[in-house]
Amino acid sequence: DQQVKQNSPSLSVQEGRISILNCDYTNSMFDYFLWYKKYPAEGPTFLISISSIKDKNEDGRFTVFLNKSAKHLSLHIVPSQPGDSAVYFCAASAIRGGFKTIFGAGTRLFVKA
Amino acid sequence: EPEVTQTPSHQVTQMGQEVILRCVPISNHLYFYWYRQILGQKVEFLVSFYNNEISEKSEIFDDQFSVERPDGSNFTLKIRSTKLEDSAMYFCASSVSQGMNYGYTFGSGTRLTVV
């Protein structure tokens with residue numbers, strides 16, 4: 001099941017700079033897209049979501065951009081902080097797909113001090 | 001901050017044995033889920049549960065798996081006859097609504113090791 005793809009397994013960024021995490025999807029029926037953050041030995045934590053009818057959603061340092069024509073979304077973190085170092089999962093759900101969310105494989109972000 | 005609580009945090013079991021993984025979702029949440037993550041792999045959907053019945057399940061969730069909400073607070077995942085490939089981190093999650101504005105709240109997971 002490769003409906004949600006995160007092609008970069010890892011990303012390294014200097015503290016204070018922008019982190020850009022990318023995600024592609026194949027199913028045009030997805031209604032919502034979400035980003036989760038995961039630390040070791042913890043469950044994923046919801047970060048931010050965007051409806052398929054929008055192209056941008058912002059929450060503090062986190063902004064998600066959606067390009068429906070390209071079936072692509074990205075998460076921008078500005079400025080990046082060492083505490084942002086974690087695995088970031090892109091996820092998507094379709095209302096008609098029942099109550100489930102499909103996750104990507106994750107991107108490990110390293111923010112260097 | 002309300003939490004989803006999972007017990008035990010670690011479980012080691014012999015192949016072929018039954019295991020029950022337990023979860024206490026957030027009290028006012030209505031939708032419940034189980035996901036798993038095999039070491040180094042993606043977080044995979046297993047099953048969703050609403051109104052005391054399964055809403056959706058994946059191909060992974062075969063006849064060896066079952067879920068139950070026995071008493072209105074606990075939400076359990078049972079694996080009847082464990083296999084080596086069932087070794088994974090199992091995450092329970094809950095949400096107040098089907099809408100995706102606020103995502104799911106996940107527990108910290110149960111690490112299941114089948115030997």
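Below, read A as the first sequence line, B as the second, and so on, with proteins coming before strands; counting in each chain starts at 1. As the structure is a prediction and not an experimental result, all values here were calculated from the model. Heavy-atom basis, side chains included; hydrogens, waters and symmetry copies ignored.
- Under the 4.5 Å side-chain heavy-atom criterion for ILVMFWY residues, a single connected hydrophobic cluster contains both B:Leu77 and B:Phe32.
- A:Thr101 and B:Tyr35 get closest at one heavy-atom pair: O-OH, 2.7 Å.
- In the hydrophobic clustering of this structure, A:Leu11 does not group with A:Ile20; members are Ile, Leu, Val, Met, Phe, Trp, Tyr whose side-chain heavy atoms approach within less than 4.5 Å, directly or through other members.
- Within a 6.0 Å sphere centred on CG of B:Asp63, other residues, nucleotides and ligands contribute 12 heavy atoms or fewer.
- Under the 4.5 Å side-chain contact rule for hydrophobic residues, B:Phe75 and B:Val24 do not share a cluster.
- Listed in order of number, the residues of residues 105-115 of chain B that approach chain A to under 4.5 Å between heavy atoms are B:Phe106, B:Gly107, B:Ser108.
- By the neighbour-count criterion of 12 heavy atoms within 6.0 Å, atom CZ of A:Arg61 is densely surrounded, having more than that number from other residues, nucleotides or ligands.
- Within residues 73-92 of chain A, the residues approaching chain B closer than 4.5 Å by heavy atoms are, in numerical order, A:Phe89.
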Please output the side-chain donor-acceptor pairs of residues 105-113 of chain A that fall under 3.5 Å, not counting sequence neighbours, one pair per line with the distance.
| unit_1 | atom_1 | unit_2 | atom_2 | d |
| --- | --- | --- | --- | --- |
| A:Thr107 | OG1 | A:Ser8 | O | 2.6 |

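- Identified by a heavy-atom distance below 4.5 Å to chain B, the contributing residues of residues 36-59 of chain A are A:Tyr36, A:Lys38, A:Ala41, A:Glu42, A:Gly43, A:Pro44, A:Phe46, A:Ser49, in residue-number order.
- At a threshold of 4.5 Å between non-hydrogen side-chain atoms, the residues A:Phe103 and B:Lys42 do not count as touching.
- Note on A:Phe65 and A:Trp35: separate hydrophobic clusters, where clusters join Ile, Leu, Val, Met, Phe, Trp and Tyr whose side-chain heavy atoms are under 4.5 Å apart, directly or indirectly.
- The two residues A:Lys100 and B:Phe45 have their closest heavy-atom pair at CB-CE1, 3.3 Å.
- Residue B:Tyr50 is not grouped with residue B:Ile26 when hydrophobic side chains (ILVMFWY) are merged at heavy-atom distances under 4.5 angstrom, including chains of intermediate members.
- Residue contact with chain A, scored on non-hydrogen atoms closer than 4.5 Å, is absent for B:Glu44.
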